[in-house]
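Chain letters run A, B, ... following the sequence lines, proteins first and then strands; every chain starts at 1.
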Number of protein chains: 2
Amino acid sequence: MANNARFAEVASLAGDPARAGMLHALMDGRALTASELARVAGITPQTASGHLARLATAGLLTVEKQGRHRYHRLASPSVAQMMESIMQVASGLEAMRPPPVTGPKDAALRAARTCYDHLAGHLGVSLADALVAGGHVELMQDAGVVTDAGVALFRRIGLDVASLSGKTARLFCRPCLDWSERRPHLAGAVGRALCAHSLEEGWIRRLEGTRAVAVTPKGHRVFREAIGVR
Amino acid sequence: MANNARFAEVASLAGDPARAGMLHALMDGRALTASELARVAGITPQTASGHLARLATAGLLTVEKQGRHRYHRLASPSVAQMMESIMQVASGLEAMRPPPVTGPKDAALRAARTCYDHLAGHLGVSLADALVAGGHVELMQDAGVVTDAGVALFRRIGLDVASLSGKTARLFCRPCLDWSERRPHLAGAVGRALCAHSLEEGWIRRLEGTRAVAVTPKGHRVFREAIGVR
DNA sequence: AAAATGCTTCGGCCAGGACCGAAGCATCCC
DNA sequence: GGGATGCTTCGGTCCTGGCCGAAGCATTTT
């Protein structure tokens, strides 16, 4: 079965610690240079170069040449979703394994981070909870929809979710199980839009070099007063 | 980052061709013995035993001892979903790679197969298409719902989907991109129920030793007349 | 031009792990 | 009991692939 070979190729590509580290670093959707990726993976540039070449020719990454830099990013959202689902399984094991070693950097990640294109961590889960509690979103295991009240709420904070909808009248969002909180948060078109909007409006901002984000004072206010978090 | 190690462990576990083959064989949700799995992977029982032990201690598989047989199955749906998402990425690459080598066995798989707990392949996609065309299901990229007309349709063929719904009034189903057809089919609670019901009613039956299924004459009739396939 | 920076290619080292044959336990059957 | 059958453990071979140092290109800077 030729398919099996491709499957194994992709999985083993993600299965090397150094490459996994680099892929993780790219999970926030940005493009990073080869040297930056070498640093986060803790390997020399030569070694990283080899890894990146393999990932690129396999189609997991796309490379953009710019001057003497080469910017790497995940080739598609489906790669990010694959990463998420592997994390999902990996964190599931964690439950019955040695205690979670939580460093200070880890704490920031747990508090709030981006999950490729949407918000995750404690912040992501809190937002989802508040939206569900307020009747703005209905979530189930496999899918979710934004209610009419939800559409109104999003418009109030300056986000026109109605324009995200395709031919259908309904507005869907995808629940995404959080590996640290073990509860669903908002992904899909709505989650992506909310995350992007929050960055634009300055409600959150990225922390240098990680996927972690910080909630600004303005963001605290909006999330609490408009959405009802906490 | 300790998480990274777990991630890499899981991915590399899936990244070995022999193990990938065994995991694939288990994607229909059934439990298989060690020797059966050794055969599908094309390796000796000793080698398979080692692989299975690793997969089990890592938590990807659960083992059930029964007499002198040991039955192995995927530990959880999240493992199946991980497999799906890796297949997704792997088949994405296929687009720009050598032509798909389609053997006769592959043809059966493309026609109709189970994807862990729901129907995929040409059959799965056709069913989804027909349900959407008939206004029984609304599908978008991230999620889908069964309409009132859909609930009635499912009841007509003896499937009480209303009982699947949790606390919410709505009935969700998850779209799952098909690796052979490149189009979405029905997964999630509704997809699972439809697949199980079809097996019970004898509309489809499993082909020995693979994930492929055959549509029976009775099944052809039901799918065509009640759901409007083809 | 010359030097610095970012990245890649080459060559060689080394460890992890995939594989099988043989042997050892269990369990079931006669 | 004796003999199949299913599975595992052990020991040993072999090869893939990850890693780095050194050298080689390409681009930008001085």
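- Comparing D:dC20, C:dA18, C:dG6 by their nearest atom to the side chain of A:His69 picks out C:dG6.
- When distances are taken from the side chain of B:Ala18 to each of C:dC19, C:dC20, D:dC19, the shortest belongs to C:dC19.
- Taking the six-membered ring where the residue is Trp, the centroids of B:Trp203 and B:His197 are separated by under 6.0 Å.
- Across C:dG17, D:dT8, D:dG17, the shortest atom-to-atom separation from the side chain of A:Arg54 is found for D:dG17.
- The CG-P distance, from B:Leu13 to C:dG17, rounds to 10 Å in whole Å.
- Between A:Thr47 and D:dG18 there is no side-chain N or O to OP1 or OP2 distance below 4.0 Å.
- Checking the phosphate oxygens (OP1, OP2) of D:dT8, a side-chain nitrogen or oxygen of B:Arg70 falls inside 4.0 Å.
- For B:Ile43 and C:dG21, the CD1 to C1' distance is 15 Å, given to the nearest whole Å.
- When rounded to the nearest whole Å, the span between CG of A:Leu55 and P of D:dG18 equals 10 Å.
- Rounded to an integer number of Å, the gap from CD of A:Gln46 to C1' of C:dC13 is 14 Å.
- Between A:Gln66 atom CD and D:dA26 atom C1' the separation is 16 Å, expressed in whole Å.
- Using a cutoff of 4.0 Å between basic side-chain nitrogens and carboxylate oxygens, A:Arg183 and A:Asp129 are scored as salt-bridged.
- Side chains of B:Glu84 and B:Gln88 form no contact here, defined as non-hydrogen atoms less than 4.5 Å apart.
- Look at CD on B:Glu64: it is 16 Å from C1' on D:dG6, rounded to the nearest Å.
- With DNA chain D read from its 5' end, the first of the two nearest nucleotides for A:Gly67 and A:Gly42 is the one closest to A:Gly42.
- Regarding B:Asp16, its CG atom lies at a distance of 9 Å from the C1' atom of C:dG17, rounded to whole Å.
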> Stepwise, does the side chain to side chain contact (heavy atoms under 4.5 Å, CB included) test hold for B:Val215 with B:Arg205?
Replying inline: CA-CA 7 Å; B:Val215 181; B:Arg205 63 162 210 289; over 6 Å; no
> Would B:Arg70 and B:Thr33 satisfy side chain to side chain contact (heavy atoms under 4.5 Å, CB included), going step by step from the backbone distance to the final call?
Replying inline: CA-CA 5 Å; B:Arg70 289 175 91 95; B:Thr33 66; over 6 Å; no
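- Distance A:Tyr71 OH to C:dG6 P: 10 Å, rounded to the nearest Å.
- Across C:dA18, D:dG21, C:dT8, the shortest atom-to-atom separation from the side chain of B:His51 is found for C:dA18.
- Out of D:dT8, D:dC20, D:dG6, the shortest distance to the side chain of B:Pro45 is found at D:dT8.
- Which of D:dG21, D:dA26, D:dT9 sits closest to the side chain of A:Lys65 comes down to D:dA26.
- The side chain of B:Thr44 contributes no N or O atom lying less than 4.0 Å from OP1 or OP2 of C:dC19.
- Side chain of B:Arg68, nearest nucleotide from D:dG6, D:dG18, D:dT27: D:dG6.
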